[in-house]
Amino acid sequence: MTTPAKPDPVPDTYRRVTPCLVVQGAAKALQFYAEVFGATERMRFPGPGGSIPHAEIVIGDAVVIVEDEDPQRGTTAPPAGGLPGTPVFQFVYVEDVDAVVARAAALGATVRRAPQDQFYGDRDGFIVDPFGHGWVVATHVEDVGPQEMARRMAAWTEPAQAEE
């Protein structure tokens with residue numbers, strides 16, 4: 001009996017993230033993203049009073065823009081704790097979701113949902129970084145075929161349907 005091949009934890013069919021994050025304290029945000037996600041800075045434009053009107057980091061194969069809020073340009077950062085029920089979040093694949101979420105929490109992120117295995121083959125969790133932005137952090141742990149995905153999804157939705 002052979003063990004199935006371990007899937008690539010970062011599938012090549014996805015980009016990691018492609019947002020522009022408006023924050024209060026871009027220099028600290030750039031440092032946080034470097035320490036948590038291994039982001040590398042590729043560009044930074046200094047602004048008045050130590051602000052950063054534009055910086056670019058690379059996380060994996062994605063460029064992320066990070067900017068201090070600027071009322072003149074109409075941008076406002078979310079509150080540090082994030083927005084309740086936020087309609088937007090970043091989704092990032094990493095090699096080890098548990099380690100990354102733990103590191104993010106140690107550096108000030110709020111864990112809204114601890115990492116857990118999902119029916120679609122990822123293990124993921126949800127954090128809000130200290131600058132108010134939500135991130136689903138995931139590691140792909142299992143390739144799930146269409147029939148098995150349908151079976152698992154049905155089993156996953158049954159408890160919700162029973163409550164109605």
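No hydrogens, no waters, no symmetry mates; every other heavy atom, side chains included, goes into these values.
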How many angstroms lie between [atom1] in [X] and [atom2] in [Y], if you round to the nearest 0.5 Å?
X: Arg103; Y: Asp98; atom1: CZ; atom2: CG; answer: 11.5 Å
X: Phe37; Y: Gln90; atom1: CZ; atom2: CD; answer: 8.5 Å
X: Leu30; Y: Leu21; atom1: CG; atom2: CG; answer: 10.0 Å

- Please name all residues satisfying salt bridge (Lys or Arg N to Asp or Glu O under 4.0 Å) with Asp70, sequence neighbours left out, ordered by chain then number.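 Residues passing salt bridge (Lys or Arg N to Asp or Glu O under 4.0 Å) with Asp70: Arg73.
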
- Task: Just jot down the salt bridge (Lys or Arg N to Asp or Glu O under 4.0 Å) partners of Asp143, sequence neighbours excluded, or say none.
- Result: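 Here no residue qualifies.
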
- Task: Following the transitive rule for hydrophobic clusters with a side-chain heavy-atom cut-off under 4.5 Å over Ile, Leu, Val, Met, Phe, Trp and Tyr, establish whether Leu83 and Val22 coincide in one cluster.
- Result: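 No.
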
Considering all heavy atoms, the nearest [X]-[Y] contact:
X: Ile57; Y: Glu41; value: CG2-CA, 4.0 Å
X: Ala138; Y: Phe91; value: CB-CZ, 3.7 Å
X: Gly47; Y: Pro53; value: N-CD, 3.4 Å

- Message: So for atom CD, which belongs to Gln116, do other residues, nucleotides or ligands contribute more than 12 heavy atoms lying within a distance under 6.0 Å?
- Response: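 Above 12, so yes.
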
- Other residues, nucleotides, ligands: >12 heavy atoms within 6.0 Å of Met149 CE: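 More than 12 heavy atoms, drawn from other residues, nucleotides or ligands, come within 6.0 Å of this atom.
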
- Query: Are any non-hydrogen side-chain atoms of Val36 and Val100 less than 4.5 angstrom apart?
  - Reply: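 Side chain of Val36 against side chain of Val100, heavy atoms only: contact under 4.5 Å found.
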
- Query: Hey, does Val137 have a side-chain heavy atom less than 4.5 Å from the side chain of Ile127?
  - Reply: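 Ile127 vs Val137: side chains touch.
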
- Item | Any side-chain donor near an acceptor of the partner, Glu142 and His140, under 3.5 Å |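 Side-chain D/A pair, Glu142 to His140: absent.
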
- Using the ring pair (Phe, Tyr, Trp, His ring centres under 6.0 Å) rule, pick out the option among Tyr93, Phe32, Phe89, Tyr33 that qualifies with Trp135.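 Only one option passes, and that is Tyr33.
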
